[in-house]
Number of protein chains: 2
Amino acid sequence: MAVSRRGTGRDGRPTLEQVAARAGVGRGTVSRVINGSPRVSDRTRAVVQQAIADLGYVPHRAARALAANRSDAIALVVPEVESRLFAEPYFSGIIRGVSLELADTDIQLLLTLIRTPKERARFAQYASGNRVDGVLLVSVHKDDPLPDQLSELGIPVVMNGRRSAEEMVPHVDCDNVGGAQLAVEHLIGRGRRTVATITGSLDMYAARCRLEGYQEAIRAAGHEPDEELIASGDFSEEGGHAAMRQLLTRRPSLDAVFCASDLMAIGARRALRELGRTIPGDVALVGFDDSSLAQHMDPSLTSVRQPMEGMGRAMTRTLLAEIGNEGPDHPGLVLPTELVRRASS
Amino acid sequence: MAVSRRGTGRDGRPTLEQVAARAGVGRGTVSRVINGSPRVSDRTRAVVQQAIADLGYVPHRAARALAANRSDAIALVVPEVESRLFAEPYFSGIIRGVSLELADTDIQLLLTLIRTPKERARFAQYASGNRVDGVLLVSVHKDDPLPDQLSELGIPVVMNGRRSAEEMVPHVDCDNVGGAQLAVEHLIGRGRRTVATITGSLDMYAARCRLEGYQEAIRAAGHEPDEELIASGDFSEEGGHAAMRQLLTRRPSLDAVFCASDLMAIGARRALRELGRTIPGDVALVGFDDSSLAQHMDPSLTSVRQPMEGMGRAMTRTLLAEIGNEGPDHPGLVLPTELVRRASS
DNA sequence: ATCACAACTGGGAGCGCTCCCACGCAACCG
DNA sequence: CGGTTGCGTGGGAGCGCTCCCAGTTGTGAT
């Protein structure tokens with residue numbers, strides 16, 4: 001009948017019980033102190049804290065998780081395919097933000113790469129139950145069912161980016177429209193007259209937003225967007241290259257291009273070089289992402305920077321709010337983007 | 001007196017107990033089936049597995065961790081400072097490897113960024129106790145005490161890279177010496193006569209190894225390494241730029257350079273351009289890391305590729321062995337590197 | 001048929017914690 | 001002055017699992 005009440009945890013580490021004994025109080029009181037309950041007198045609290053310090057006590061996560069029915073862990077889910085594409089600012093930026101935000105919460109970050117649809121399904125099952133308190137989803141595709149699945153299971157979720165303008169799942173995105181506008185305004189402001197754009201895969205919401213930003217900026221400058229100046233890439237270098245050649249064929253006189261990704265800008269640059277155009281002399285170039293490629297390109301590439309770290313932080317804050325209050329504090333957050341000017345424009 | 005034996009877990013999910021009831025066996029038996037114990041008859045095993053499937057039972061991690069005194073989680077520790085430098089192939093490659101290796105073990109991956117020495121200390125404390133079963137350390141510096149600290153605490157550790165040739169902590173490294181040799185041999189094989197090198201910070205073991213590889217290859221070709229052809233960078237672009245100018249001043253006639261990192265190669269390229277040298281016409285260039293920069297540089301950069309994914313996998317395997325058998329199966333593993341030939345050489 | 005032994009199996013105890021009920025006590029009410 | 005309130009506290013019960021010790025059964029040898 002549970003009378004052991006031993007002097008130490010099985011791995012030699014102190015337990016709640018010992019802290020209580022040392023402080024001359026009950027287990028409940030120590031637990032209250034640890035969890036910051038206000039229902040403890042200051043005197044008692046001090047004594048307990050001293051005992052904790054003396055013993056070097058660290059709460060046992062698993063025990064706590066089991067008793068409290070929470071895990072103190074959130075998962076960051078990354079589709080495997082994407083991890084390859086992860087331009088460094090993206091991946092590490094998000095992680096840094098999440099990690100920063102988690103730093104003083106003692107919530108753990110679980111990293112989960114998902115490779116196959118089968119694994120995706122397994123994850124949903126796995127995440128349900130009390131395996132994680134919440135899930136952060138990154139680079140979700142248009143028709144990915146996971147966000148809704150998790151939501152329906154009652155698991156707090158926050159995604160990065162959104163699948164459409166009507167995204168129902170809580171999310172944090174960056175201002176793709178605004179960023180594109182910034183880029184195009186900048187180009188026009190530098191005296192460029194014929195500004196073209198190379199879009200990303202238009203089945204991705206972000207790509208559509210960037211196109212929209214381009215169009216708005218053109219209109220704001222008093223022109224009507226010209227279909228001939230819009231070529232679609234697919235976010236890849238090769239796509240950028242092909243689109244650029246197309247553009248140059250249609251409008252040899254163009255003098256600026258806004259690319260919806262840095263990678264496409266690299267492809268575009270190659271095409272421009274091949275056709276004897278100088279950058280930025282003949283044609284000004286602007287990218288999107290501000291990846292390390294932009295910085296080291298020759299000439300260095302003007303690009304739209306997304307606040308990766310800020311998105312990571314915001315996602316985490318949102319998720320924690322969702323976990324805590326039963327409901328996120330906003331349906332969707334859009335963070336501003338920023339234009340980083342370099343030599344290409 | 002524990003007589004509840006309820007029909008369901010508190011969050012509505014089935015428990016071991018229910019599986020046992022449904023299968024008409026005791027808890028112990030179900031536990032044995034789940035943990036793959038051989039001491040169960042085939043018939044019973046089948047029945048239990050059916051019950052598990054019927055109920056969609058998933059073991060409760062925390063309960064299991066508490067009872068078994070292990071956590072089924074390993075931590076990947078990354079110094080924050082580095083996460084910024086993380087060339088994408090590095091970070092995501094390691095993570096992908098680790099994650100792949102973990103895929104069928106149901107061990108979780110905890111990602112921990114460490115920012116300050118204070119956090120480092122906290123982590124050591126935290127990792128002790130039964131918070132994680134083992135630790136993967138990445139980009140450890142020469143005088144980082146963490147590996148030894150953890151080792152002394154009896155926590156299984158595997159690091160990526162080593163701090164010196166006498167590294168005592170289990171580790172997985174890539175063949176820096178061999179990679180450098182490959183690069184230099186390639187250069188010599190292409191008819192280059194005066195091959196210089198730009199080294200990384202020589203207080204890092206990897207940098208010293210790459211230099212050593214360079215020297216060995218030079219000797220193997222029948223020459224004596226010439227101090228004038230060795231300039232030290234610090235792994236940065238700026239460092240590469242400065243080193244290249246120095247080299248060009250000392251030996252205007254050099255016709256090849258092996259850079260200990262791609263970033264330095266970019267700096268070197270700038271210097272070469274500034275001084276009117278063409279690549280690879282006048283000077284051939286080889287980098288190290290095979291980052292995305294190498295691929296997209298103009299001209300694309302020949303570079304030494306490290307098996308990032310393989311290292312991640314190997315580290316994980318080693319750690320798991322260490323956790324399982326009380327002792328890693330090797331003191332240190334060195335994986336081969338590979339030369340990726342591109343336009344710059 | 002008897003015994004020894006192995007192969008399986010059931011379930012008590014307990015992991016370290018949180019939850020919550022009940023208890024003491026002091027301040028406060030009419 | 002008895003009766004409330006409420007704060008601060010102790011500790012039983014129990015989270016869902018594993019461990020391990022007793023059974024219980026089946027097998028082969030005698």
Side-chain angles (χ1 to χ4, degrees), chain A residues 1-48 52 55 57-72 106 129-131, chain B residues 1-21 23-48 51-52 55 57-72 106 129-131:
Chain A
M1 296 204 47
V3 197
S4 84
R5 307 294 93 183
R6 307 188 307 160
T8 191
R10 93 189 110 176
D11 48 7
R13 299 188 63 79
T15 68
L16 228 210
E17 184 99 23
Q18 292 160 60
V19 175
R22 172 159 190 133
V25 301
R27 288 188 345 271
T29 303
V30 178
S31 177
R32 265 166 235 133
V33 169
I34 289 169
N35 294 296
S37 157
R39 314 172 65 68
V40 181
S41 70
D42 291 344
R43 246 180 56 76
T44 309
R45 186 190 316 280
V47 174
V48 171
I52 290 178
L55 261 33
Y57 169 75
V58 182
H60 191 294
R61 275 198 112 82
R64 182 186 264 209
L66 177 58
N69 197 28
R70 55 187 166 72
S71 66
D72 280 337
D106 96 329
N130 25 23
R131 282 59 182 170
Chain B
M1 297 197 54
V3 196
S4 84
R5 306 295 94 182
R6 307 186 309 159
T8 190
R10 95 189 107 177
D11 48 7
R13 300 187 64 78
T15 68
L16 227 210
E17 184 99 24
Q18 289 160 63
V19 175
V25 301
R27 289 188 344 270
T29 302
V30 178
S31 178
R32 263 166 238 133
V33 170
I34 289 170
N35 294 296
S37 157
R39 314 175 63 69
V40 181
S41 71
D42 290 344
R43 246 181 55 76
T44 309
R45 185 191 317 281
V47 174
V48 171
I52 290 178
L55 261 34
Y57 168 75
V58 182
H60 191 294
R61 273 199 113 82
R64 183 186 263 211
L66 178 58
N69 196 28
R70 55 189 165 72
S71 65
D72 280 338
D106 97 328
N130 24 21
R131 283 57 183 172

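Below, chain A is the first sequence line, B the second, and so on; all start at residue 1. Scope of the values below: all heavy atoms of this structure, side chains included, with no hydrogens, waters or symmetry mates.
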K.L.:
Measure CZ/A/Arg61 against C1'/C/dG16 and give the value in whole Å, please.
P.N.:
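Atom-to-atom, A/Arg61 to C/dG16, this comes out as 14 Å.
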
K.L.:
Can you check the A/Glu17 CD to C/dT18 P distance for me, whole Å?
P.N.:
13 Å

K.L.:
Is there a side-chain polar atom (N or O) of A/Thr29 under 4.0 Å from OP1 or OP2 of D/dG10?
P.N.:
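For D/dG10, OP1 or OP2 has a side-chain N or O of A/Thr29 closer than 4.0 Å.
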
K.L.:
In whole angstrom, what separates B/Arg70's CZ from C/dC15's C1'?
P.N.:
13 Å

K.L.:
State, yes or no, whether a side-chain contact exists between B/Arg64 and B/Asn35 at a heavy-atom distance under 4.5 Å.
P.N.:
yes

K.L.:
Can you check the A/Leu66 CG to C/dC19 C1' distance for me, whole Å?
P.N.:
13 Å

K.L.:
Starting at CD1 of B/Ile52 and ending at P of D/dC17, how long is that distance when rounded to a whole Å?
P.N.:
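So the two atoms are 10 Å apart, to the nearest Å.
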
K.L.:
Check salt bridge (charged side-chain N to carboxylate O under 4.0 Å, His left out) between A/Arg45 and all other residues, then give those that pass, not counting sequence neighbours.
P.N.:
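Scan of A/Arg45 (salt bridge (charged side-chain N to carboxylate O under 4.0 Å, His left out), adjacent residues dropped) gives none.
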
K.L.:
Is the shortest heavy-atom distance from the side chain of B/Arg32 to the side chain of B/Thr44 under 4.5 Å?
P.N.:
no

K.L.:
Over how many whole Å does the gap from A/Ile34 atom CD1 to C/dC17 atom C1' extend?
P.N.:
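Distance, rounded to whole Å: 9 Å.
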
K.L.:
Please tell me which of the listed nucleotides, C/dT18, D/dG16, D/dG10, lies nearest to the side chain of A/Leu16?
P.N.:
C/dT18

K.L.:
Which parts of residues 35-47 of chain B get close to DNA chain C, meaning a heavy atom less than 4.0 angstrom away?
P.N.:
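Residues of residues 35-47 of chain B that come under 4.0 Å of DNA chain C are, in numerical order, B/Arg39, B/Val40, B/Ser41, B/Thr44.
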
K.L.:
Measure from CG on B/Asp72 to P on C/dC15 and round the result to the nearest Å.
P.N.:
20 Å

K.L.:
Would you say D/dT18 has OP1 or OP2 under 4.0 Å from some side-chain N or O of B/Arg64?
P.N.:
yes

K.L.:
Is there a side-chain contact between B/Thr15 and B/His60 (heavy atoms, below 4.5 Å)?
P.N.:
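Side chain of B/Thr15 against side chain of B/His60, heavy atoms only: no contact under 4.5 Å found.
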
K.L.:
So if I take every side-chain heavy atom of B/Ala67 and compare against D/dC19, C/dG11, C/dG14, which nucleotide ends up nearest?
P.N.:
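From the listed options, C/dG14 comes nearest.
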
K.L.:
Between B/Leu16 and B/Ile34, is there a side-chain heavy-atom distance shorter than 4.5 Å?
P.N.:
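Heavy-atom side-chain distance check passes, below 4.5 Å.
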
K.L.:
Indicate yes or no: at least one non-hydrogen side-chain atom of A/Val40 is less than 4.5 angstrom from one of A/Val48.
P.N.:
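No, side chains not in contact.
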
K.L.:
For the residue pair B/Ala65 and A/Ala62, what are the closest heavy atoms and their distance?
P.N.:
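Looking at all heavy atoms of both residues, the closest pair is CB-CB, 3.6 Å.
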
K.L.:
Calculate the interatomic distance between A/Gln18 atom CD and D/dG11 atom C1'; express it in whole Å.
P.N.:
17 Å

K.L.:
Of all the nucleotides listed (C/dT18, D/dC17, C/dT9), which has the minimum atom distance to the side chain of A/Arg27?
P.N.:
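Ranking C/dT18, D/dC17, C/dT9 by closest atom to the A/Arg27 side chain puts C/dT18 first.
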
K.L.:
Between the base of D/dG10 and the side chain of A/Arg32, is one N or O donor paired with an acceptor at under 3.5 angstrom?
P.N.:
yes

